Amino acid sequence: MTVDRDNDLEGQIAEWRAYMHRRRELHHTDAEELEDHLRSRITELTEAGLRADEAFLIAVKRMGSLDELSREFACEHSERLWKQLVLPGEPDAPAAARSRRELPVMVLCAAIAALAIKVPGWFGLDMSGDDAGFYARNVSLFALPALAAYFAWQRRVGLRVIGVLALLFILGAVAANAYPLAGDSQTSVLTAIHLPLALWLVVGVAYVGGDWRSDRRRMDFIRFTGEWLIYFSLIGLGGGVLMAFTMGTFDAIGLDAEGFVESWLLPCGAMAAVIVSAWLVEAKQSVIENMAPVLTRVFTPLFAATLLAFLVAIIWTNNGIDVERDALILFDLLLVIVLGLLLYAISARELAARPGLFDRLQLALVVSALIIDVMVLLAITGRITEWGFSPNKTAALGENVILLTNLAWSAWLFLGFVRGRMPFARLEHWQTRYMVVYAVWAWTVVLAFPLVFDFA
């Protein structure tokens, strides 16, 4: 069977080579260089677990970004690529045995996450009643441990890493539930916001197989986060349609399914979707290009134009930023989105490529966000001066200082890169290292804020 596959692969490469030689504008040496590049990409994909014919078609598809001839060849054979993506693999495919294990493990982890959110109900905690605050604080503890367990199994991490992961999740559970906080306490709300961020970075330790010191592996986790968010959003949209049809169809025969949807389908489905989305990202990352960088290309110019227009409007009207809390939260979310656009653009860029128009657009976006962050910080400082410190204002101050530092240094690095005085790798290195700062701040809010503001 292996000999037949090798012959099929050589036949496909021969077909591609003949196509190249038919084009007179391509020199013989150029064709040989392209073939060497094609074979190296095929080798990388087959080592990742793809079959030879799948690897050939995907390698040609990706080479289309390098030269026009490969793009034309990929377009002529694109229907074969889609067949390879949707048809099941052969039973003796190299990755078939591992794939057969991954699916049931994923289903088991998804089932554990789905059932975990129902466990508090066995002890009398009502999800929609007075205990809603408990579920808000602990929502990340229902699904993320199962996700970390899935990655720990997939990456085959050692017992030491597993022990660290378990201790961090236990610490998060204690921080979310040990403090006797009122349901409407500011620190309780901040815990509900920051604990998922802190535990998501714990999942990152499992994702990188414990190799947290590697810049490359941390950047891989950033890429995964963007793809996971897209898949989770798509599953959420599909789940919303499913819930609407479920309630509508049962209502048509006189049965009320709203209780089932609210108590089971929505919470259990959301927890399971966390695991399923991660599995989809892992299953498709070696086959199709990432979506997050594509969306970044679309929205970076739009956000840059919006922020520049906003700054022009401030200068034109001489109006400052509203210091109301809701407005400040909106600007913080805007700055986080800008940082996300920057991260995913960095994750998809070729390090050796020369600076272009898109890089200059990113620089304009970062500089605009930096100016807005300074204005938001001035507004927050004014509220603190007038009303004093509170958990919300302190959290906003700390987060904006962290964002300001990141944006300022990113702008400086981007400026050096655009002017040809600094390698792009330094910007990637900076962003992956700064993830540690976000992790430390999230854990600080969860662990220290109740002690400082509620029990001081």
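Quick note: numbers below take in every heavy atom, side chains included, and nothing from hydrogens, waters or symmetry partners. Quick caveat, the model's predicted, so the values are computed rather than measured.
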Is there a side-chain contact between [X] and [Y], using heavy atoms and a 4.5 Å cut-off?
{"X": "L370", "Y": "L404", "value": "yes"}
{"X": "Y150", "Y": "L108", "value": "no"}
{"X": "L242", "Y": "F245", "value": "no"}
{"X": "V445", "Y": "W441", "value": "yes"}
{"X": "L307", "Y": "V338", "value": "yes"}
{"X": "T191", "Y": "F449", "value": "no"}
{"X": "F169", "Y": "V203", "value": "yes"}

Ring-ring centroid check F331 F310, cutoff 6.0 Å: yes

Run the ring-centre check on F224 versus F151 and record whether the distance is less than 6.0 Å. yes

Parallel, tilted or perpendicular: which describes the rings of Y135 and F142, with under 30° parallel and over 60° perpendicular? tilted

Distance (rounded to the nearest 0.5 Å) between [X] [atom1] and [Y] [atom2]:
{"X": "L341", "Y": "T300", "atom1": "CG", "atom2": "OG1", "answer": "4.5 Å"}
{"X": "F453", "Y": "T187", "atom1": "CZ", "atom2": "OG1", "answer": "9.0 Å"}
{"X": "N400", "Y": "I380", "atom1": "CG", "atom2": "CD1", "answer": "4.0 Å"}
{"X": "L403", "Y": "L377", "atom1": "CG", "atom2": "CG", "answer": "9.0 Å"}

Shortest non-hydrogen contact between A113 and I275, atoms and distance: CB-CG1, 4.2 Å

Please check this pair: side chain of K118 against backbone of S263, looking for a donor-acceptor N/O pair closer than 3.5 Å. yes

Any donor-acceptor pair under 3.5 Å from D251 side chain to M247 backbone: no

For F358, is the CZ atom crowded, meaning more than 12 foreign heavy atoms sit under 6.0 Å from it? yes

In this structure, are over 12 heavy atoms from other groups packed under 6.0 Å from W412 atom CH2? no

Which residue is it: W228, Y207, W443? I am looking for the one with a ring-ring contact (aromatic ring centres under 6.0 Å, His included) to W200. W228

Any luck finding a side-chain donor-acceptor pair between Q431 and S410 under 3.5 Å? yes

